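Structure provided below as structure tokens; questions to follow.
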Protein chains: 2
Amino acid sequence: MVKSALVRQVEQRLREHDVRFTQGRRAVVDALSRAPGPRSAAELSDQLSPAVPLSSIYRTLAVLEEVGVLAPHLGAKGLTRFELAEWLTGHHHHLVCIDCGSVADVDIPAGQEERVRSLVTQIAEHASFAATDHTLEIEGRCSRCA
Amino acid sequence: MVKSALVRQVEQRLREHDVRFTQGRRAVVDALSRAPGPRSAAELSDQLSPAVPLSSIYRTLAVLEEVGVLAPHLGAKGLTRFELAEWLTGHHHHLVCIDCGSVADVDIPAGQEERVRSLVTQIAEHASFAATDHTLEIEGRCSRCA
DNA sequence: TTCCTTGCAAACGATTTGCATTGGA
DNA sequence: TCCAATGCAAATCGTTTGCAAGGAA
């Protein structure tokens with residue numbers, strides 16, 4: 001199996017930060033790259049345990065966030081889920097189910113994204129806020145819970 | 001001091017749910033109505049303690065959320081902040097500071113909000129998702145942290 | 001009086017950390 | 001080799017809950 005472009009990008013980023021890309025860290029990145037949305041430490045542990053113990057998953061998530069490979073997503077009940085950062089996967093938004101709490105990624109057409117971006121710029125300027133990013137969170141019921 | 005329209009609306013909603021509007025609950029609603037953004041239990045406790053103990057604040061927040069007077073906002077480090085629900089204060093979006101973690105409310109012009117709403121509708125439809133609400137979260141640095 | 005609410009302290013669950021051990025460049 | 005990374009268990013921290021006492025209708 002060939003090494004994916006994504007893995008190579010992560011390798012390079014870690015190298016730049018003098019951080020090792022170990023087995024456990026590879027396993028976490030791999031699991032997240034296959035997931036259709038953010039995942040919590042516990043959810044990852046379900047897949048990776050006992051090969052990667054929970055405490056190592058937490059440490060891995062912290063390190064990968066620090067170097068900008070992962071981005072956190074804050075969910076209900078104090079759960080923090082992580083996903084690959086947007087420079088690796090592209091910009092997207094979230095569909096959050098108010099029943100089961102699942103979070104799915106959605107892409108939107110470039111033209112519409114452009115409209116959102118310009119709106120964000122206007123709002124931020126007006127509020128003297130230095131915007132660096134934005135997310136449109138759409139709450140509702142997923143097809144399974146509807 | 002006259003009883004504000006907001007307090008009267010809350011009173012009625014609680015009455016409809018057979019829930020008492022006690023001193024402690026009034027204090028929490030009052031504190032949140034003065035805050036320029038969502039507040040956590042701990043932040044409220046700083047203001048209201050020892051008159052209202054922390055555990056009561058948590059219970060109050062849970063009750064007020066249940067009857068739809070408050071809406072939760074999930075912040076970094078597992079902190080949940082609450083604010084008055086939009087039917088009391090109007091629809092708005094959030095400016096989230098990536099340095100200090102503060103969250104401020106922003107209103108946007110009706111015309112632009114209409115554009116966001118229609119975009120949300122399109123995205124949700126395309127994804128077979130039953131949207132009930134949305135929030136545009138703008139991340140960046142607040143004027144104090146910039 | 002009758003429940004709903006409250007206060008306190010103990011319990012919980014997610015996350016973090018100390019420390020000795022292991023493993024990768 | 002040598003220090004970063006790991007595994008385990010204990011410690012933290014935000015939040016929840018059991019239970020007895022207090023308060024509003």
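Every chain is numbered from 1 and lettered A, B, ... according to where its sequence line falls, protein lines coming before strand lines. These numbers come from a predicted model, not from an experiment.
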Starting at CG of B/Leu74 and ending at C1' of D/dG14, how long is that distance when rounded to a whole Å?
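Taking CG of B/Leu74 and C1' of D/dG14, I get 13 Å after rounding.
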How about A/His134 and B/Glu137: does a side-chain donor come under 3.5 Å of a side-chain acceptor?
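Their side chains do not contain a donor-acceptor pair, so the 3.5 Å distance test is not met.
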Using a heavy-atom cut-off of under 4.0 Å over every strand shown, decide if B/Thr80 touches base, sugar-phosphate, or nothing.
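The residue B/Thr80 makes sugar-phosphate contact but no base contact.
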Between B/Lys77 and A/Ser55, which is nearer to the 5' end of DNA chain D once each is assigned its nearest nucleotide?
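Looking at the nearest nucleotide for each, A/Ser55 comes out on the 5' side.
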Between B/Gln122 and B/Glu125, is there a side-chain heavy-atom distance shorter than 4.5 Å?
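The answer is no, as the side chains (C-beta and beyond) never meet within the 4.5 Å cut-off.
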I'd like to know if B/Arg39 and B/Glu83 make a salt bridge, using a cut-off of under 4.0 Å between side-chain N and carboxylate O.
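Salt bridge: no.
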Selection from D/dT15, C/dC8, C/dG24 that lies nearest to any side-chain heavy atom of B/Pro53
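When the side chain of B/Pro53 is considered, C/dC8 is the closest of D/dT15, C/dC8, C/dG24.
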Given D/dG7, is OP1 or OP2 found less than 4.0 Å from the side-chain N or O atoms of A/Ser56?
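A/Ser56 to D/dG7 OP1/OP2: side-chain N or O found under 4.0 Å.
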Does A/Thr22 place a side-chain N or O at less than 4.0 Å from the phosphate oxygens OP1/OP2 of D/dT6?
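The answer is yes; a side-chain N or O of A/Thr22 sits under 4.0 Å from OP1 or OP2.
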B/Phe21 CZ to C/dC4 P: how many Å, rounded?
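To the nearest whole Å, that distance equals 19 Å.
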So A/Val19, base contact, sugar-phosphate only, or nothing? Heavy-atom distance under 4.0 Å.
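Here A/Val19 touches the backbone only, sparing every base.
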Given D/dT16, C/dA14, D/dC8, which nucleotide is nearest the side-chain atoms of A/Tyr58?
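Nucleotide nearest to A/Tyr58's side chain: C/dA14.
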In whole Å, what is the span from the CD1 atom of A/Ile57 to the C1' atom of C/dA14?
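From A/Ile57 CD1 to C/dA14 C1': 13 Å.
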Listed nucleotide nearest any side-chain atom of A/Arg25, set D/dT17, C/dT5, D/dA5:
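The answer is D/dA5, which lies nearest to the side chain.
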Which one, D/dT15, D/dT17, D/dT6, comes nearest to the side chain of A/Thr60?
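Nucleotide nearest to A/Thr60's side chain: D/dT6.
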Parallel under 30°, tilted from 30 to 60°, perpendicular over 60°: which one fits the rings of A/His94 and A/His92?
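Rings of A/His94 and A/His92: tilted, 30 to 60°.
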How long is the line joining CD of B/Glu65 and C1' of D/dT15, in whole Å?
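In whole Å, D/dT15 C1' and B/Glu65 CD are 13 Å from each other.
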For B/Glu11 and D/dA24, give me the distance from atom CD to atom C1', rounded to whole Å.
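These atoms are roughly 14 Å apart.
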Whole angstroms only, please: what is the CZ-P distance between A/Phe82 and C/dA14?
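Spelled out: CZ on A/Phe82 to P on C/dA14 is 15 Å.
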Want to settle it: does B/Gly24 or A/Ala62 sit nearer the 5' end of DNA chain C, counting the closest nucleotide to each?
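So the residue in question is B/Gly24.
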What's the CG-C1' distance between A/Leu79 and C/dG13, to the nearest Å?
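The distance from CG of A/Leu79 to C1' of C/dG13 comes to 9 Å, rounded to the nearest Å.
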Whole angstroms only, please: what is the CD-P distance between A/Gln23 and C/dT22?
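About 17 Å, once rounded to whole Å.
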Any Lys/Arg nitrogen of A/Glu11 or A/Arg25 sitting under 4.0 Å from an Asp/Glu carboxylate oxygen of the other?
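Answer for the salt bridge query: no.
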Looking at D/dA4, D/dT17, C/dT16, which one has an atom nearest to any side-chain atom of B/Arg59?
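Closest nucleotide to the B/Arg59 side chain: D/dT17.
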Counting heavy atoms from C-beta on, name the nucleotide in C/dT16, C/dC4, C/dG23 closest to the side chain of B/Arg20.
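The listed nucleotide nearest to B/Arg20's side chain is C/dC4.
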